[in-house]
2 protein chains.
Amino acid sequence: MTKPVTATRRQLSDPTEEGKSAADEAWAALRELLARQRRRFLATASELDLHPGQAAALVNMDPAEPRPMHELATQLACDNSNVTGIIDRLEARGLVARQTYEQDRRVRHVVLTPLGARLRGRLLAQVGSAPAGLERLSAAEQRQLRDLLRRVASS
Amino acid sequence: MTKPVTATRRQLSDPTEEGKSAADEAWAALRELLARQRRRFLATASELDLHPGQAAALVNMDPAEPRPMHELATQLACDNSNVTGIIDRLEARGLVARQTYEQDRRVRHVVLTPLGARLRGRLLAQVGSAPAGLERLSAAEQRQLRDLLRRVASS
DNA sequence: TATTGTTATACTCTATAACTATA
DNA sequence: TATAGTTATAGAGTATAACAATA
């Protein structure tokens, strides 16, 4: 891998070109943050030698709780058969392990190994916490931002 | 395609579990919006029978201006050879066309066909404009949100 | 019968490396 | 020599369909 595989869609071609309403400008700012976060995620995954799907799977796992594979499929919004492949590759690297679930022998549970939990921790340290920019706002401004975003999201 | 291939990383497993600072909560709200926008993009692409990379390429093109292929590669943050394949497939569907560039005959320009421009328009209509939630804020709140986001982004 | 996970198949995206044609 | 684009190759993600084991 040469380039860190950054944004799949950095520029959404600015529909704010002339309209320039505050909503459009706010949206543009949001998309910028969004793109940056995505680049951060992909670059970090690449540094840890994880493909995006593998990194997403790790992040979606609980360090303590085993998870049924079909639950992972739901969270990753992909088919069961994809999860089989992703878990195959993670298991080959010793990051996760499969367990049979005695209560329902159709189900297989996936659990993080200590190695996998450590790698997941490194991923989250890079990608799961608030970006530095947020810390520069005052506490009151952070609350204000939070409340505004929650109202936007509450559809 | 059955499922719309939604979030690659919907849940970043909340590192805000206990800390719960306003910054973390704002960040969580931001990530929620981020994930939703990504789902919107992927679902729309899927509806239009475009793979994510193809949709990203279309969105990154200008309806009027031809673009050199290496410029697309830069914007998509991928290798030239990938662009070859993506443009191959878009061209096979009559959405784009290649043109030789007489000033530098090494370069090939890609231009949207009318069909491609229409499809790009439909993509952007779904994905490029501010989400409904934003419109529910007052104009003053929209400006407030814009300013806060810009400060967060200005690293 | 329905569900869980696997396998088989096919297509796309991605990177690397080698090649061409131009510069 | 260096750059733009292509081709060849390989690994990974994705969907569909068929299948075995289990419920």
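Every chain is numbered from 1, with letters handed out A, B, ... down the list of sequences. Heavy-atom basis, side chains included; hydrogens, waters and symmetry copies ignored.
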What is the distance, to the nearest angstrom, from the [atom1] atom on [X] to the [atom2] atom on [N]?
X	N	atom1	atom2	value
His51(A)	dT14(C)	NE2	P	12 Å
Leu42(B)	dA15(D)	CG	P	10 Å
Gln99(B)	dG5(D)	CD	P	13 Å
Met69(B)	dG5(D)	CE	C1'	7 Å
Leu72(B)	dC13(C)	CG	P	13 Å
Asn82(B)	dT7(D)	CG	P	14 Å
Asp49(A)	dT14(C)	CG	P	18 Å
Asp79(A)	dT4(C)	CG	C1'	11 Å

* side-chain contact (heavy atoms from CB on, under 4.5 Å) between Leu90(A) and Val110(A), worked out -> CA-CA 10 Å; Leu90(A) 291 178; Val110(A) 184; over 6 Å; no
* Structure fact -> Side-chain atoms of Ser81(B) come closest, of dG5(D), dG5(C), dT7(D), to dT7(D)
* dA12(D), dG5(D), dT7(C): which one has an atom nearest the side-chain heavy atoms of Gln54(A)? -> dA12(D)
* Walk me through it: do Arg122(B) and Glu47(B) pass the test salt bridge (charged side-chain N to carboxylate O under 4.0 Å, His left out)? => CA-CA 11 Å; Arg122(B) 291 175 59 193; Glu47(B) 281 164 24; over 6 Å; no
Would a distance-only check, ignoring hydrogens and angles, find a side-chain to backbone donor-acceptor pair under 3.5 Å from [X] to [Y]?
X	Y	value
Arg151(A)	Leu137(B)	no
Glu65(B)	Asp62(B)	no
Arg146(A)	Ala22(B)	no
Arg108(B)	Met69(B)	no

* Asked: For DNA chain D, what residues of residues 84-95 of chain B have any heavy atom nearer than 4.0 Å?
  -> Thr84(B)
* Taking only N and O in the side chain of Arg98(B), is any of them less than 4.0 Å away from OP1 or OP2 of dT6(D)? -> yes
* Please check the phosphate of dG5(D) (OP1 and OP2 only) for any side-chain N or O of His70(B) closer than 4.0 Å. => yes
* To do: Could you go through the side-chain contact (heavy atoms from CB on, under 4.5 Å) check for Thr84(A) and Asp88(A) one step at a time?
  => CA-CA 6 Å; Thr84(A) 296; Asp88(A) 278 351; 3.9 Å; yes
* **ring pair (Phe, Tyr, Trp, His ring centres under 6.0 Å) against His109(A), all qualifying residues, sequence neighbours excluded** => Tyr101(A)
* Asked: So if you build clusters from Ile, Leu, Val, Met, Phe, Trp, Tyr with side-chain heavy-atom gaps below 4.5 Å, do Val111(B) and Val96(B) land together?
  -> no
* Residues from residues 100-110 of chain A sitting under 4.0 Å of DNA chain C, heavy atoms only? -> Arg106(A), Val107(A), Arg108(A)
